[in-house]
Amino acid sequence: MISLLLAEWRRTVVETIRYPLETISSMMTLFIVFAGLFYGATYVTHSPIGGGRLTTVVVGYAIWMTMMAATGDLGWSIQNEAQNGTLEQVMLVPWSPVTVFLVRAFMAILAFLIPMVVVVVALLIMTRVHLDWQWLALAPFLAALGTAWGLGLAVAAVALLFKRVGQVLNIVQFGLLFVILAPFARFHAVVWHLVSMVVPFNAQVLLLRNLLSHTRGSDWIWWESGINLALIATMGILSFVGASRIARHRGILGHY
Amino acid sequence: MLNVEGLVKQFRIRTGLVDAVRGVSFSVAAGEILAFLGPNGAGKTTTIKMTAGLIHPDGGAVYVDGKNLVTERNAVLGKIGAVLEGSRNLYWRLTVLENLLYWGTMRRVSYRQARSRAFELLDQVGLTDRARSTVQTLSRGMQQKVALCQSLMHHPTVLLLDEPTLGLDFESSEGIKRMVRTLSDSGTAILLTTHQLDVAQELSDRVAMIRGGQLILEGTTKAILEKYSQPMYSIISAIPWPLNLVDTARKVMGNVAQVSPDTLQLIPQDGDTDAIYRLLNALHPHPLLRVERHQADLAEVFQQVMSKGALA
Ligand SMILES: Nc1ncnc2c1ncn2[C@@H]1O[C@H](COP(=O)(O)OP(=O)(O)OP(=O)(O)O)[C@@H](O)[C@H]1O
Ligand SMILES: [Mg+2]
């Protein structure tokens with residue numbers, strides 16, 4: 001397992017930094033976006049930057065970006081590898097495809113988070129702002145990440161069968177935006193509890209908001225965050241395993 | 001040792017069903033090279049992919065060293081190496097060495113062993129100096145050699161090659177062929193498909209011909225070539241045969257034909273080993289270039305088998 005992790009880590013690092021120009025330009029983009037958030041927040045609130053408001057904006061944006069990457073990465077990589085002819089070789093290694101692709105998803109997020117953390121920390125130092133970050137908030141963040149991977153596996157399942165991921169991903173991401181913005185909390189309590197267990201991210205985002213605004217969140221949101229993670233992750237794994245079985249039957253793992 | 005038993009595959013397409021493979025069985029022993037030949041769409045790639053577990057068969061089974069591909073998948077995959085048709089089999093942004101290390105460690109070879117194995121293989125295909133080039137900067141032939149190295153990182157006992165020399169120039173083809181021979185000498189069981197019948201003839205110990213998803217001919221290359229060779233002689237003259245000499249020859253031997261200005265053909269009666277000497281006596285002392293007995297090549301066998309079916 002360690003060797004699998006290391007192999008994927010090396011591949012991910014090499015593929016990300018092979019072309020320094022690409023790396024630099026994507027770092028620059030990240031920097032500009034976050035700088036915009038840091039300074040923009042001051043402008044809008046007319047108060048010196050810092051405090052809870054900025055934390056919500058920056059953290060919220062960073063998490064949104066991470067979730068989008070986590071849901072999309074696997075699907076894109078399967079589509080590309082099917083076209084480039086490496087997918088079949090991946091299916092030939094003596095590891096189960098779910099394991100390989102989950103490890104890849106994990107490495108892709110590391111490669112995504114590291115530059116982002118670097119940029120945010122650099123901006124924190126430059127602007128001398130103190131982000132009001134709670135370490136406990138890592139729990140709902142990780143739960144949301146796991147949920148996103150579950151969704152990512154489902155998108156990857158679609159990619160395995162149809163080799164076309166763009167449209168599906170648009171729909172999924174639009175759905176997520178809706179889910180996060182929709183005022184489910186206004187529903188009748190029973191409905192809302194059911195919804196937040198089934199619909200991805202809802203409970204986790206609420207918990208995160210609570211934690212960042214220093215309320216510890218009630219027990220049931222914790223439960224619902226966990227159940228939601230378990231549910232979506234299981235759904236993702238099952239659909240991926242099912243799709244790779246169907247692809248094997250139809251002979252479309254490659255690019256027939 | 002590879003055993004393939006009764007593979008069957010039907011594909012559902014828009015216009016109906018395609019019987020891609022209809023009950024194909026064969027085995028490849030350690031150190032043996034089996035050439036899998038057939039026209040486009042005969043079912044070669046489908047068979048190879050079923051053998052590698054990339055396509056799930058409707059029926060039949062695959063065994064490597066006695067282990068079943070379905071029930072002991074990872075153990076079997078650990079013994080198989082494959083270079084698939086047309087696909088690139090490699091990451092283009094990684095260097096040659098990075099690719100070999102990646103695929104080696106993914107196949108459970110330790111990093112250190114993968115390193116020495118990579119250099120050993122690159123040395124064999126003469127690409128040591130390109131170890132640090134990215135794959136996208138290599139020529140087609142070099143890429144194919146690296147893909148072959150990639151499939152060998154874990155010392156597979158069974159190697160599957162789908163059209164390994166397609167689109168390669170003479171030099172590159174020779175390199176691949178040399179490597180294939182070395183591997184078979186060291187005990188690897190090799191199954192290869194190709195449309196280049198000369199390559200198949202040069203490399204293979206055995207040949208299997210497939211058409212419409214069914215094996216129609218299978219046997220050792222030597223026996224097949226022998227069987228399809230005719231008891232027929234060509235007598236080739238240094239200058240075009242003079243008409244009167246052809247007439248004399250015809251008078252002596254009924255079954256002589258002039259097939260080209262400088263070639264006479266003799267088909268003797270069964271067991272008449274004396275016929276060729278009588279004919280040569282009749283032609284004496286005309287200057288000859290060559291006298292040869294007909295020797296079939298795989299191209300001839302292939303053509304005949306595909307158009308008229310296999311000999312009984
Ligand atoms: N995934 C698939 N879905 C539907 N039909 C398929 C699929 N794969 C192969 N076929 C069909 O099965 C038949 C056998 O194809 P296959 O690729 O095995 O032939 P082949 O012998 O490798 O041919 P070639 O020499 O052109 O490579 C063909 O009729 C092909 O169209
Ligand atoms: Mg083929």
Side-chain angles (χ1 to χ4, degrees), chain A residues 1-23 77-78 80-101 103-104 107 111 160-161 163 241-256, chain B residues 9-13 18 20-21 45-46 48-50 52-58 72-95 97-99 101-111 114 134-136 147 150-151 153-154 156 160 162:
Chain A
M1 192 65 196
I2 304 282
S3 64
L4 175 62
L5 287 168
L6 284 177
E8 284 299 347
W9 173 243
R10 276 186 223 106
R11 189 181 67 87
T12 310
V13 169
V14 170
E15 287 218 324
T16 348
I17 58 174
R18 169 99 316 149
Y19 300 99
L21 222 58
E22 266 179 33
T23 319
S77 95
I78 287 201
N80 291 336
E81 301 219 3
Q83 276 160 7
N84 298 344
T86 40
L87 184 61
E88 289 183 315
Q89 286 293 340
V90 174
M91 296 297 188
L92 276 175
V93 304
W95 288 100
S96 88
V98 174
T99 314
V100 174
F101 282 102
V103 168
R104 289 184 162 196
M107 295 308 167
L160 267 183
L161 296 181
K163 308 286 182 289
V241 170
S244 53
R245 204 164 286 168
I246 295 172
R248 276 208 173 90
H249 270 282
R250 292 201 200 145
I252 51 172
L253 275 182
H255 42 182
Y256 177 75
Chain B
K9 187 71 205 180
Q10 204 172 44
F11 288 116
R12 198 175 295 279
I13 56 169
V18 183
V21 175
T45 299
T46 306
I48 285 221
K49 287 190 180 178
M50 287 194 283
L54 292 170
I55 294 181
H56 192 85
D58 298 337
E72 294 177 83
R73 185 176 179 80
N74 286 351
V76 170
L77 288 185
K79 292 166 177 283
I80 290 185
V83 179
L84 299 166
E85 171 189 33
S87 67
R88 306 197 291 208
N89 301 286
L90 298 166
Y91 287 107
W92 271 28
R93 289 182 142 215
L94 302 195
T95 66
L97 184 60
E98 286 160 354
N99 261 292
L101 290 174
Y102 173 75
W103 292 111
T105 42
M106 289 298 277
R107 300 208 166 96
R108 302 181 189 246
V109 180
S110 78
Y111 189 77
T134 54
V135 168
Q136 64 194 137
Q150 175 274 119
S151 73
M153 285 299 291
H154 56 309
L160 309 173
D162 202 355

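Numbers restart at 1 for each chain; the letters A, B, ... are given by sequence-line order, proteins then strands.
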Please rank [options] by heavy-atom pairs under 4.5 Å with chain A and give me the top one.
{"options": "Thr46(B), Leu77(B), Val76(B)", "answer": "Leu77(B)"}
{"options": "Arg12(B), His56(B), Met50(B), His154(B)", "answer": "His56(B)"}
{"options": "Arg108(B), Glu98(B), Lys49(B)", "answer": "Arg108(B)"}
{"options": "Leu101(B), Asn74(B), Val109(B)", "answer": "Asn74(B)"}
{"options": "Gly78(B), Gly53(B), Gly81(B)", "answer": "Gly53(B)"}
{"options": "Thr105(B), Leu54(B), Ile55(B)", "answer": "Leu54(B)"}

Sub-3.5 Å donor-acceptor pair from the side chain of Thr86(A) to the main-chain atoms of Ala82(A), do we have one?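 A pair under 3.5 Å: no.
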Main chain of Gly251(A), side chain of Lys9(B): is a donor-acceptor contact present, judged purely on distance under 3.5 Å?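 A pair under 3.5 Å: no.
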Below 4.5 Å from any heavy atom of chain B, which atoms of Glu81(A) appear? Answer side chain, backbone, both or neither.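 The side chain, not the backbone.
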Can you tell me how far the OH atom of Tyr102(B) sits from the CG atom of Leu97(B), to the nearest 0.5 Å?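 Reported to 0.5 Å precision, the distance equals 15.0 Å.
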To the nearest 0.5 Å, what is the distance between CG (Leu5(A)) and OG1 (Thr99(A))?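 The distance works out to 10.5 Å.
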In chain order, what residues pass the side-chain contact (heavy atoms from CB on, under 4.5 Å) check against Thr134(B), with sequence neighbours excluded?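 Arg18(A), Thr95(B), Gln136(B), Thr137(B).
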Can you name the side-chain contact (heavy atoms from CB on, under 4.5 Å) partners of Val93(A), sequence neighbours left out?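 So Val93(A) forms a side-chain contact (heavy atoms from CB on, under 4.5 Å) with Trp95(A), Val100(A), Trp103(B), Met106(B), Arg107(B).
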Does any backbone or side-chain atom of Arg73(B) lie under 4.5 Å from a heavy atom of chain A? Answer side chain, backbone, both or neither.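 Only the side chain of Arg73(B) comes within 4.5 Å of chain A.
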Is chain A contacted by the side chain of Gln10(B), its backbone, both, or neither, given a heavy-atom distance below 4.5 Å?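 Neither the backbone nor the side chain of Gln10(B) comes within 4.5 Å of chain A.
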Does any part of the side chain of Glu85(B), heavy atoms only, come nearer than 4.5 Å to the side chain of Ile48(B), both counted from C-beta?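 No, every pair of side-chain atoms sits at 4.5 Å or beyond.
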Six-ring centre of Tyr91(B), Arg93(B) cation under 6.0 angstrom, axis tolerance 45°: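 That pair does not qualify as a cation-pi contact.
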If you count heavy-atom pairs under 4.5 Å between each of [options] and chain B, which one has the most?
{"options": "Gln83(A), Glu8(A), Met91(A)", "value": "Glu8(A)"}
{"options": "Arg10(A), Gln89(A), Arg245(A), Glu15(A)", "value": "Gln89(A)"}
{"options": "Leu4(A), Val14(A), Leu92(A), Leu87(A)", "value": "Leu92(A)"}

